[in-house]
Asks: 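Dropping the structure in here first, questions after.
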Amino acid sequence: MPEHPDYPRIPAVSNEVTGPLRARDVCDALDQELLPKNFEGNRAKLKRLVKLDVLTEVDTGSFTRKQQSPRNRQPCPSLTRKGTPTHGLSSDGSCGA
């Protein structure tokens, strides 16, 4: 994830709102002035989080937290041939390898 301090805060904001998240909502949540330059900056951050597979754009300018279904998860690279993991799973049940 990019080093800017807003990047980890934006997914946290998306967990707190019901429905899609918009750049204006991010400005409100991050206590930024409601100015076009802040909307555009946050919109760019939202788009980058989509490219990083953290958020998904459900409609033009509307973003939600990406839900990863068990079907879409990649197989764990450190499974043995018998399918037994060689390490423990992370707290969210993902591979962690």
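Residue numbers start at 1 and run along the sequence shown.
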Asks: May I ask you to decide if E33's main-chain N or O and N38's side chain share a donor-acceptor pair within less than 3.5 Å?
Replies: yes
Asks: Please examine the side chains of D53 and K66, heavy atoms only from C-beta on, and report whether any two atoms are closer than 4.5 Å.
Replies: yes
Asks: Any salt bridge linking E40 with R43? Criterion: basic side-chain nitrogen under 4.0 Å from a carboxylate oxygen.
Replies: yes
Asks: Could you see if V54 belongs to whatever hydrophobic cluster contains V17? Use Ile, Leu, Val, Met, Phe, Trp, Tyr and a side-chain cutoff under 4.5 Å.
Replies: yes
Asks: Please report the C-alpha distance between T56 and V58 in whole Å, then the side-chain angles of each, then the deciding distance to 0.1 Å, and finally whether the side chain to side chain contact (heavy atoms under 4.5 Å, CB included) criterion is met.
Replies: CA-CA 6 Å; T56 185; V58 292; 4.2 Å; yes
Asks: Please report the closest heavy-atom contact between P8 and P11, naming both atoms and the distance.
Replies: O-CD, 3.5 Å
Asks: Within a strict 4.5 Å, meaning less than it, do heavy atoms of the S14 and T64 side chains meet?
Replies: no
Asks: How about L46 and L21: do any of their side-chain heavy atoms sit closer than 4.5 Å?
Replies: yes
Asks: Provide the closest heavy-atom pair for R65 versus L55 in the form atom of the first, atom of the second, distance.
Replies: CA-CD2, 3.8 Å
Asks: Counting C-beta onward and ignoring hydrogens, is there a side-chain heavy-atom pair between V50 and F63 closer than 4.5 Å?
Replies: yes
Asks: I'd like to check K45 versus D6 (side-chain heavy atoms, cut-off strictly below 4.5 Å). Are they in contact?
Replies: yes
Asks: Going by heavy atoms in the side chains, are Q32 and N42 under 4.5 Å from each other?
Replies: yes
Asks: Identify whether the distance between the nearest side-chain nitrogen and carboxylate oxygen of R22 and D25 falls below 4.0 Å.
Replies: no
Asks: Looking at C27 and L34, what are the two nearest heavy atoms and their distance?
Replies: CB-CD2, 3.7 Å
